[in-house]
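Scroll down for the structure; my scribbles are underneath it.
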Amino acid sequence: MSEYTVVGQTVARVDAVEKVTGAAQYGADIHPPGMLYGKIVRSKHAHANIRSIDTSEAEKLPGVRAIITQDDVPSGRRVFATDKVLYLGEPLAAVAATDPDIAEEAAERIKIDYEVLPVVQDVMEAIKPSAPRLHGDDTKDGPNRREISGQIRTLSRDKENDHSDEISKLEAGLEAYPDEVYYNISAESHTEAGDVEKGFAESDVVVEDTYVIPRVHQTYMEPHVSVASADSSGKITVWASTQGPFAIRSGIAGTLGIPLTQINVIGTTMGGGFGGRFGVIITHVPAVLLSQKTGRPVRVQMTREEEFTDGRPAPGCVIKLKTGATNDGRILAREALAFWDSGSVSGASIGSTIRVRGVYKIPNLKVDAYGVHTNKSGTAAYRAPGAPQAIFAGESQLDEIAERIGMDPVKFRLMNMREEGDEVPAGGSEPKVGYKETLEAVADAAGWWDREADENQGWGVAVGDWTNGCGPGGVYVSVHEDGSARIFHGSMDITGTDTAISQIIAEILTVPYESVTIRRGDTDSAPYSTGSGGSVVTFTMGNTAKLAAEDAHRRILELASERLNTNVDDLELKDGAVHIISAEQPKSISLGELAAYSLSTTGGPIVGKGSFARQASTPALAAQIAKVEVDPGTGRTRVLKLVASQDVGFAINPMAVEGQIEGGTVQGYAWAMMEEMQYGDEGNINPGFVDYRVPTSADLPTVESVIVEVPAPNGPYGAKGVGEPPITPTLATMANAVKDAIGIRITELPIKPEKVVDALKSNGR
Amino acid sequence: MKSFEFYEPTTLAEASRLFAEEHAQLLAGGTDIIIGMKALTETPQSVVSLQKIPGLDGITTDGDSINIGAMTTVREVELSGDVQQHHTALAEGASEIGSIQIRNLATIGGNIAHASPAADTVAGLLVADAQVDIASADGERSVPIDELFTGPGQTVLTPGEIITRFRLPSPASGSHYIKHKIREVMDLAFIGVAAAINMDNGTITDARIGLAAVAPTPIRATEAEDLLKGNAPTPELLEQAGEAAAAGCSPISDLRCSAEHRREMVDVLTRRTLQYALERASA
């Protein structure tokens, strides 16, 4: 890619200095004069009727400035629970006080009279007729009750690999289920292509299993925080730690019935998001309500414990999967039945169950997915929402098939992978994709073809696919008299996206990267920008930045043609100056001179505008190989090698791309091996980093990243979204490696030492 | 955090008097109490710091005996050449606590006085036969470490009594500590097992096994120890010792793992830690 000088190069991030020096302003750094401290009053039970809320004792406490409940929400939109709570930590009221300790004390003094109700935390229990109903309506045609057909009711599994009593019990419970109805259903999704029954009948090998994936938290370092300030004119300013300031603006406006133009959202530097930082109600709306009531700025900041009880984590799920293939390695049919743990509200990414189709030619596919209510907080996006769960099931089972037919797992995948023009099961046809290239790249880099393993060591491979999102954005670029360029936009920087935008502008304006600066506006000043999630930013804002730079480029040539008395077609912008192409006497004028000249022209200063909404994006593959060693005595698994390749289309900043690959892979590893939100009858029981384990750098060797570049036709310079794909295959990569090491398939995550020891025992080892 | 009175006495007598008051708590390194106060699981009305009292920290030797001041940081314990050489299990246990930053603050006295059955230094102190020196306004006394604990978070300490020192009288020729955990570092012990061995001419003359997080208090696996003493180490003997240690504990099931798993790990890890301790004793 030597045709470019700035894109495709590793450059220092634009925010490196402010982050390293501590100058970056995070939400909790915002402290307007007179600010009050907000505290949310939360349910102490996972399921209860609320008889009364008595705030009188709290109101007497000196320093308390406001206490609000649902009665204080003029729009009537649900912000606080009123007559019933559905999970531990559900907000019931909020307090503002002059001091955080007073706010906390006041929150404790609010008396809530609960009538405690039975709790259901397990999706397979929640669908039974005996389960407590979370959302009253239990009539035959009620929204939370679904009739089902007999054929998908029976969860069967391959007895040869039967190691988990727990799963067996779940299934026994379901098989004994007498009704034809699922209860506590929040949503459903059904997809069918071909005829799976026919496909299974024609298969030589059919494997069935049930996969259980836990609910996990995004564990961004910075807890949710917002500071809201309502002035006497009714204008509201919100400093929000969010991935999408414009979404927060419209969310607050919609929830509280306030005109959009009355709200200005200022996005503060984000301490991680991973999809979990789009929520409007969690802190922003209570902060606004408290500020409106007190006339003072109010900060509402969650503790880590509150993050676990009232964050919006990734849904866990139970997936029953069945795959049929021929002895010569062709996959003929796949059928999935999934129950997603949606928590108290709908919203789990059940549509992602379709990802069990993977990147393979599967002529017959059937996918049925249900969202199920349980007494937990709602869920939200987490890095490729729903894909890691579905792909864990799909890629685990693929290895079982490969083993039955005696085929190498990489060769089996390569043989079945789709290429350009192939039909996507229930989804059109493939554009140009790099599936095979990406898998081959990781196999070569990891030394798969001549791999060796000692006793208790094993190798695992898996692939995961994802397609980046795309959304609207706007960018302005100005060129100044000193030849520097300034970018102005409104999208939140995650993972170095401001850096990539700056590189693109520098590339087109042919100026050094260092002479480009970038400034983010708030929602009052900046053009609209889509939220920074869904691997969307570099694709969207990169395209937008290109348009803005090209617009500026046009104006630059226009100015130069005036200045040099030459036709625009004879001019070229190169190395920060405009040159006359093939002039007999070489002549040029610098960008700085042109910018200075522009100030006294009719046409005016150099301002490029980019406005962009949508382009088709292209699927990307992540392929990973792990080598592990399992200690059969303690069940602990050590990763010896972890190699991750990814088709990124084009790496605008290769080091930043590698950072994304490493980060996603490590999060996938953590989900596979240790992360798990645990629940008891009183709600989440591990709401902190002592018993919710995220890995440290001591748990893993350096992830070896392999960048594959199969350009996306509509991406800037061919770039694809890189943030989400790397988490998608790792759950299965780890399970497949553990299977290879100990000969036992673990289908229930995380693969904790106890689970491995028990599996070895029940297999007589 | 609730508001509280903060005292920084400069003598043990004054500290003891303040600590004897109702709802008083001691502050040593602060790595447990401050977290508890922030989470409102600890709501002391007064906090008595030990940090201004001279003479409570440092590691000294007195003949064979190694004395560790209660205010010695666990990082100092971990890095002490004397502890590493003569009470390796204790140094290894200290190295398992939290992060280096935490270990630079946390004290061995705090780790023990907190009386968590899962404390990482406790198994090493058990197999060192440590004596715990205790002071109060009324005087001083000393109790063996295996008589200090009465339950989770509970000790024989009476109001106003402060741990001042651990005396480790008899070095073992080989000792070792293993912690069962999920994460490589910065994890709490699912269980902890320490062993200390003395050998003479191929025969085990003394064997001590300390177990953490497998009973309401840290315990010695005395039946396993008795099996070992006076015998030559064989794989069969270590297997029997592991089984005896597992049989002698009374673990609970909690969110970390089941009682059954803890018991199985006592068996596996007792064998392993004995093996390492034997190798060190024979080296």
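Throughout, a chain's letter reflects where its sequence line sits, starting with A, and its residues are numbered from 1. On a predicted model such as this, the values are computed, not experimentally measured, just so you know. The figures here come from the full heavy-atom set of this structure, side chains too, leaving out hydrogens, waters and symmetry mates.
Counting heavy-atom pairs closer than 4.5 Å to chain B, the top-ranked of the candidates Val690(A), Thr634(A), Val757(A), Asp101(A) is Thr634(A). Considering only heavy-atom pairs separated by less than 4.5 Å from chain A, the leading option among Lys181(B), Glu260(B), Met186(B) is Lys181(B). Between chain A and the residues Leu188(B), Leu40(B), Leu269(B), the largest count of heavy-atom pairs under 4.5 Å involves Leu40(B).
With a 4.5 angstrom heavy-atom cutoff, Ser3(B) does not touch chain A via any of its atoms. For chain B, the nearby part of Glu108(A) is the side chain; its heavy atoms alone come within less than 4.5 Å. Interface remark: Asp267(B) contributes no atoms to any contact with chain A (heavy atom separation under 4.5 Å). Looking at Glu305(A), neither its backbone nor its side chain comes within 4.5 Å of chain B, counting heavy atoms on both sides. With a 4.5 Å cut-off on non-hydrogen atoms, Asp691(A) touches chain B through its side chain but not through its backbone. For Pro753(A), the parts lying under 4.5 angstrom from a heavy atom of chain B are both the backbone and the side chain. Heavy atoms closer than 4.5 Å to chain B are found nowhere in Lys755(A), neither backbone nor side chain. Both the backbone and the side chain of Glu754(A) come within contact range of chain B, judged by heavy atoms closer than 4.5 Å. Residue Asp99(A): no heavy atom, backbone or side chain, is found under 4.5 Å from chain B.
Residue Lys752(A) holds its NZ atom at 10.5 Å from CZ of Arg256(B), rounded to the nearest 0.5 Å. Summarising the geometry, atom CD1 belonging to Ile182(B) is positioned 11.5 Å from atom CD1 belonging to Ile751(A); distances are rounded to the nearest 0.5 Å.
Ion pairing between a basic and an acidic side chain is recognised when a charged N comes within 4.0 Å of a carboxylate O; Glu104(A) and Lys2(B) show no such pairing. Between Glu184(B) and Arg636(A), at least one side-chain N (NZ, or NE/NH1/NH2) sits under 4.0 Å from a carboxylate O, which counts as a salt bridge. The pair Asp699(A)-Arg183(B) fails the salt-bridge criterion, with no side-chain N (NZ, NE, NH1 or NH2) lying under 4.0 Å from an Asp/Glu carboxylate O.
When the shell of 6.0 Å around CD of Glu5(B) is examined, it contains 12 or fewer heavy atoms from other residues, nucleotides or ligands. Around atom NZ of Lys761(A), more than 12 heavy atoms belonging to other residues, nucleotides or ligands sit under 6.0 Å away. Counting heavy atoms of neighbouring residues, nucleotides and ligands inside a 6.0 Å radius, atom OH of Tyr692(A) exceeds 12 of them. Around the CD atom of Glu243(B), the shell of radius 6.0 Å holds more than 12 heavy atoms that belong to other residues, nucleotides or ligands. Remark: Arg263(B) CZ is packed, more than 12 non-hydrogen atoms of other residues, nucleotides or ligands lying under 6.0 Å away.
Residues Arg272(B) and Asp631(A) form a side-chain contact, since some pair of their non-hydrogen atoms from C-beta on lies under 4.5 Å apart.
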